[in-house]
Structure formats: C-alpha cells, structure tokens
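So you know, we letter chains A, B, ... as the sequences are listed, proteins then strands, and number each from 1.
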There are 2 protein chains.
Amino acid sequence: MVDHARTPPRAAGLTDVAIVRAAREIIAEAGVEGLTMRRLSARLGVALGATYHYFPTRDALLQRVLQDVYSEVRLPPAHGADWAEQVKQLTIDTARVVGRYPGLAAYVMAHLDDVVPAAVNRAMVRILSDAGFSLESVAVVMSALYFYGAGLAANLAPMRSVRTFDRVNAAALAEAGLDMLLAGARLRLAADTGGVTDRAD
Amino acid sequence: MVDHARTPPRAAGLTDVAIVRAAREIIAEAGVEGLTMRRLSARLGVALGATYHYFPTRDALLQRVLQDVYSEVRLPPAHGADWAEQVKQLTIDTARVVGRYPGLAAYVMAHLDDVVPAAVNRAMVRILSDAGFSLESVAVVMSALYFYGAGLAANLAPMRSVRTFDRVNAAALAEAGLDMLLAGARLRLAADTGGVTDRAD
DNA sequence: ACCTGAACACCGTTCAAGT
DNA sequence: ACCTGAACACCGTTCAAGT
C-alpha cells in the first residue's frame, strides 16, 4: 500500500503561510511595487517556480496578503457603546492596518474589489441598523465611510517618505474630519428616527 | 499606415503636447498600467528614444498628464452661491475629471504628491474662509474633502469593468455622502461663527 | 506533489550613432 | 536638437525536467 504517513515537506518546506508572511515583510519595507516574485523567492530561499507552485499569480498572492492584513482589524463587541464611536473606531482601525503597507490601498482600489474587509462591512451595517438608520441612510453612510476610509488608507502610508505636512497633524485631521462626517450622519439619523421625512410613504 | 506629411519641420515633428494627448488616450482606454513608453511611441509613430527626448521618465510624463487633466476642472466664480454648493461642485468635478482615467487617482496617491490640483485647493480655502470657517475648521474640512474626494476618484473608474453595484447608484450615493459630510461642516461653521455646541470644550 | 532553472515576452531606461 | 535602434537589467509567467 501507499505510504500514508503524515509526510513532512520533503524539500524546502515551503508553505503558503510563509510566503504570505515574507510578502508582507517586503511590502512593509519597499511597498507593493517592491514586491517581486523573484525577490520574494530569494528571501524564502527557493527558486522562482516554487513560489508559483503556491500562488498562480502575483495578484492572487496580493489578494491573500490583503485578507491576512484584514484579519488584524479589531471588530467591535456585539453590545458596544455609541454607534458613532464604534463606526469611527472601525474606519480608523481599518485605514491604520492597511495604511501600514505602502501602496496597498491604492493597489487594491485599482486592481481588486474592496478596500474594506467584508467583516467590517457587515459589522458596520449591523451597528448602523441597530442605531436606527433607515436602509437608505445605511447605504449613504456606508459609502461615505468607504470613500473617506479609502482615501485615508491610501494617503496614510505614501510611497514617498517626504511629505509636506507631518504625520501627527495628518492623523489628528483625519480623526477630526471623520468626526465631522459622523456629525452629519447623526443629523440624518435624527431625521430617520424622530423627524419628518419628505420621502415617507 | 504612415502618412507622408509634406516636409515636417525636421523629422517627425514630435511635440510634448502631442505626447501628452496620446498618453491620455491610452490611459483612458487601458488605464495607467496600459500606458507603456513603447506603446505610446508606437501610437505616435516614433522610436522609443524620441519620447524619452521629451520626457526623461514615465513618472515625469504622468506628472504632466495629471496637470493636463487637472486643467479641465471648472473653478467656481469668485462670487458664487452657497459655500457648500461650491465646495461640493469642486469636489465632485475633480473626482469626475480624474476618475475618467482608470488607475490615475490610485497612481497619484501612491507615487505623486496630491490628488487635488493646487488651484482647487486655493479656491476651497478661499470659499471656506469667506464663509466664516475658522482656520482650524478650514483645515479639517479640507482634509475631509481630500480623503473623501481621493477615495471617490479612485473608485469612480476602477480598472475592472465588473462592479458589484451599478454606476448610477454609486454616483447618487457619492453625492448623498458628500451632502452628509457638508452637513457636518455646516454644524462646525455654526460653532465657529458663534453658535452653541453640545461639546463644552 | 514539490521544486529547479531556463526560457519567453514584456518593461523602463540608456546611449552611441545618425540627420 | 531631434530621432533611431540596439542594448541592459529588470519583470511576470510558463514549463520541461528533476526529486
């Protein structure tokens, strides 16, 4: 019969997890453009073809890297505090996590699907619905947060290290701007729950 | 097919304007990634080196393309209507103009300096200042509009033609979200100009 | 199945050489 | 000055060949 032993890797012991880890290291150091299949393979100590055995294409690898990065976004507890605080935390945390990797947000926007992990989207919908936002308002707030967060993530870690305005100031501005956006959302919520809506019927 | 022009100035009669025009055509058709110095030269009917004679690098060319695209953003008249309407128009127009070129906004965010033309920035500062926003509020509103507009521009013309939600809906959502953000700004303006805020700071 | 190393068709950039 | 065409050092991707 065949050897059914739990065979450890015979050759280099390459794994997809190790590849993703190395890819994240390179991106953090040199940006998405710095991630090269050759450079990655060299860091892993394998031949070029080995990496391609686990990931058929560079885009597929980046997709996995993105998922891996997304998994670090902290989701809020089911019974959280203020909806605005939760949504704010979620948006900033996502932008911060993704923004750690130069060029990743821009790459995702240009090539992949969404700059926001599905779990974050689901959590946001739940938070906003629970808060009393109408279906239409949920869509508007979500899209506003999406655009804002996408722009934020892409500009948080620019490829160029030289930037006209300093980081600290930028982070504070980003938070204040988000607060302002959420103040507008609060107005919409008031119209949804208590106030009179013209659209009603 | 090559048209034998009657005595071109010297050789091919290449100009930087013609190069930029052709580059914009290619980007509109195939995205920023589709812009290749070889493909561009082929379209212009010149050798690869000719293009490099006018633009030392692909990045320099894209910088010029960006300026050229920016010049199409319509600036509001000096004595406009509502500040919110002007700022909204400016933001949407910029995103729309840049968003016509797939991958351009994402490229700019990753490689170049600003996704917003300097003239637009100046106009916005003027509009907001004239409306009565404090210096700090101007900065906050500007940064919020920057992130929002950047995310919008990058997602308006994605490389992938297939998109989960349709365009019309996305455009309407983008406008509604911007209105919401500006409603938050209006609140800030009220606080700046003497209104009472809930936050006793 | 896992991995190697060469090969293919690109790319940005450079540059000696022509006009 | 303007332009050509070859060359260089890269890339992503493929694939016959080894273990």
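Note: NE2 (A/H53) to P (D/dA17) measures 18 Å, nearest angstrom. In this structure, A/L40 places its CG atom 12 Å from P of D/dT13, rounding to the nearest Å. Computed from coordinates, the B/F55 CZ to D/dC3 C1' distance equals 16 Å when rounded to whole Å. We find that CG of B/D16 is positioned 13 Å from C1' of D/dC2, with the value rounded to whole Å.
No more than 12 heavy-atom neighbours from other residues, nucleotides or ligands sit within 6.0 angstrom of CD on B/E136. Under a cut-off of 6.0 angstrom, the local environment of CZ in A/R74 is sparse, with at most 12 non-hydrogen atoms contributed by other residues, nucleotides or ligands.
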> What dot-bracket string describes DNA chain D from 5' to 3', counting Watson-Crick and G-U wobble pairs whose defining distances are under 3.5 Å, with [ ] for crossing pairs and | for pairs to another strand?
Replying inline: ||.|||||...|||||.||

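Nearest heavy-atom pair across B/F133 and B/V138 is CB-CG2, 3.7 Å. Among all heavy-atom pairs drawn from B/T94 and B/P117, the shortest one is CG2-CD, 3.9 Å. Here the closest non-hydrogen pair linking A/A18 and A/L44 is O-CD2, 3.8 Å. Residues B/G34 and B/I26 share a closest heavy-atom pair of O-CG2, 3.5 Å. Across B/W83 and B/L189, no two heavy atoms sit closer than the pair NE1-CD2, 3.5 Å.
Taking 4.5 Å as the limit, every side-chain heavy atom of A/Y101 sits out of range of all side-chain heavy atoms of A/V32.
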> How would nucleotides 5-12 of chain D be written as a contact map, 5' to 3', with B for base contact, S for sugar-phosphate-only contact and - for no contact, using protein heavy atoms under 4.0 Å?
Replying inline: B-B---BB

